[in-house]
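When a ligand or atom number is given, it counts from 1 through the structure's own listing order.
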Amino acid sequence: MDIQHLHATALRLLTPSKGILAADESNHTCNARFAAYGIPETEENRRAYRQMLFTTPGIEKYITGVILYDETIRQKTNPMTRTKGDTGMFFREYLIQKGILSGIKVDAGLVDMPGFPGETITQGLDGLPARLEEYKSMGASFAKWRAAFKIGANTPSEEVIRENAKILGRYAKACQDEGLVPIVEPEVLLDGVHSIEKSKMVTTQVLKILFEELPKYFVELPGLILKTSMVISGKDAMVRADAKTVARFTVEVLKTCVPDQIAGVVFLSGGQSPDEATKNFDEIAKLEPLPWPLAFSFSRALQNDALEIWAGKDENIHDAQKAFLGRLQENSLADQGL
Ligand code: 13P
C-alpha cells in the first residue's frame, strides 16, 4: 500500500470549493427515479442520463470526482452520433480528460439482518479484491461502500452497527491494498419522526464504533474519506431543527468522533430537498476551520431538478444541464461558507 499516493488522491478529491458527484445509483434505484417521471427504464436511458450530467460544460470547476455504478463505468459517450469506425469514449476516460477522477460503488446493497427486524447489513465482500483490481485497471481512483441505519424505537442496535463497521473496515482495507481511496459511508437515515437530539445520539454511536473498528482491520486513516449524513431532525418530525442547529450539532459530533488523521469528510444529502441540503452544508462550512477538509457529495440534491427537466427527452438536455450546473455552483459557494 502506498499511503502517500492514497493521501494525495484523497486530498485532490477534497480540493476546496469542489465536491464529488454521487452518480452511483444502482440500476434499481435509477429506474425508480426514472419511473417517478415516466422515463422508460432502459439501459440506454440510464446511459443517456449520465451522459447528460457528465457532458455539462464547466462541471470540472465544481467537482473533483464522480462516483459511478458498475454499469456506468462500462458505458460510453454518444453511441447514436458515432460515425463508422468510431467506438466512442468510456465515461471514465471522458471524465479524466476533464480532470475529474472516477470512483466506483462496490457494495452490493442492503439486505435484512436476520434476528434484527428493521435493520440491514451491507453485502458485497465476496469477490471484492478481484472486482477492485478490475476497477483499478479501468482507471478508478476511489471507491464507495454504504451502510444504512434506520432510527426507530429500538434501532439501530449496537450489534448491527458494529457488524456494519467491521464490514466497512474489511472493504476499506481491501481498497487501500489495491491503491483505491475508500469512501466509507455509514448513513443514518432521514426517514422517521425522530428529533435532532436522537439523530445526534445515533450518529455519535455509529461514528464512534466505526472508528473503533477501522484500525482493527489495518485501515490507514490518512488514506480514507468519511461520507456522513448530517445530524438532522427526522423527515416527519413535528419540529425540525434549523440549519444553524444542524450545523452546530453535526460539527459537535464530528469533532467528538472523527480522528484528525482522516483525509476529509464529505456529506450525502439523504433525501433532503436540494435547497435544504445546500443551506445546511453552507452553515456547516461556516464553522470551519475543522481538523479536516469538508466537501459535498450529493446525489439527489444535485440531480433532482436536472432529472425532472430532462425527463428522457433530448430537447431538454440544455435546460437540464443548466439546472445541474446551477446546483453545483450553489454548493461550491456553500463549501466556501458564502
Ligand atoms: P444522496 O445525496 O441522494 O443521499 O446520495 C448520496 C449517496 O452517495 C448515497 O449513497
Check residues 317-326 and write down every donor-acceptor pair under 3.5 Å in which the side-chain atom is one partner and the other belongs to a residue at least two apart or another chain.
unit_1, atom_1, unit_2, atom_2, d
Gln321, NE2, Met52, O, 2.8
Gln321, NE2, Thr55, OG1, 3.2

Ignoring hydrogens and angles, write down the donor-acceptor pairs under 3.5 Å from the side chains of residues 139-146, residues two or more places apart or on other chains.
unit_1, atom_1, unit_2, atom_2, d
Lys144, NZ, Asp24, OD2, 2.7
Lys144, NZ, Glu185, OE1, 3.0
Arg146, NE, Glu187, OE1, 2.7
Arg146, NH2, Glu187, OE1, 3.1

Between side-chain atoms of residues 57-64 and protein atoms elsewhere (two or more places apart, or another chain), which donor-acceptor pairs fall under 3.5 Å?
unit_1, atom_1, unit_2, atom_2, d
Tyr62, OH, Gln329, NE2, 3.2
Thr64, OG1, Leu13, O, 2.8
Thr64, OG1, Gly19, O, 3.3

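Under 4.0 Å from any atom of ligand 1, one finds heavy atoms of residues Ala22, Lys144, Arg146, Glu185, Lys227, Leu268, Ser269, Gly270, Ser297, Phe298, Ser299, Arg300.
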Requested in this report: Please assess Val66 against Phe54 for the test side-chain contact (heavy atoms from CB on, under 4.5 Å), listing each intermediate value before the final yes or no.
Outcome: CA-CA 9 Å; Val66 177; Phe54 304 160; 3.6 Å; yes

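Relative ring orientation between Phe34 and Tyr49 is described as perpendicular, the plane-to-plane angle rising above 60° on a 0-90° scale split at 30° and 60°.
With respect to the salt-bridge test (charged N to carboxylate O, under 4.0 angstrom), the residues Glu133 and Lys136 do not qualify.
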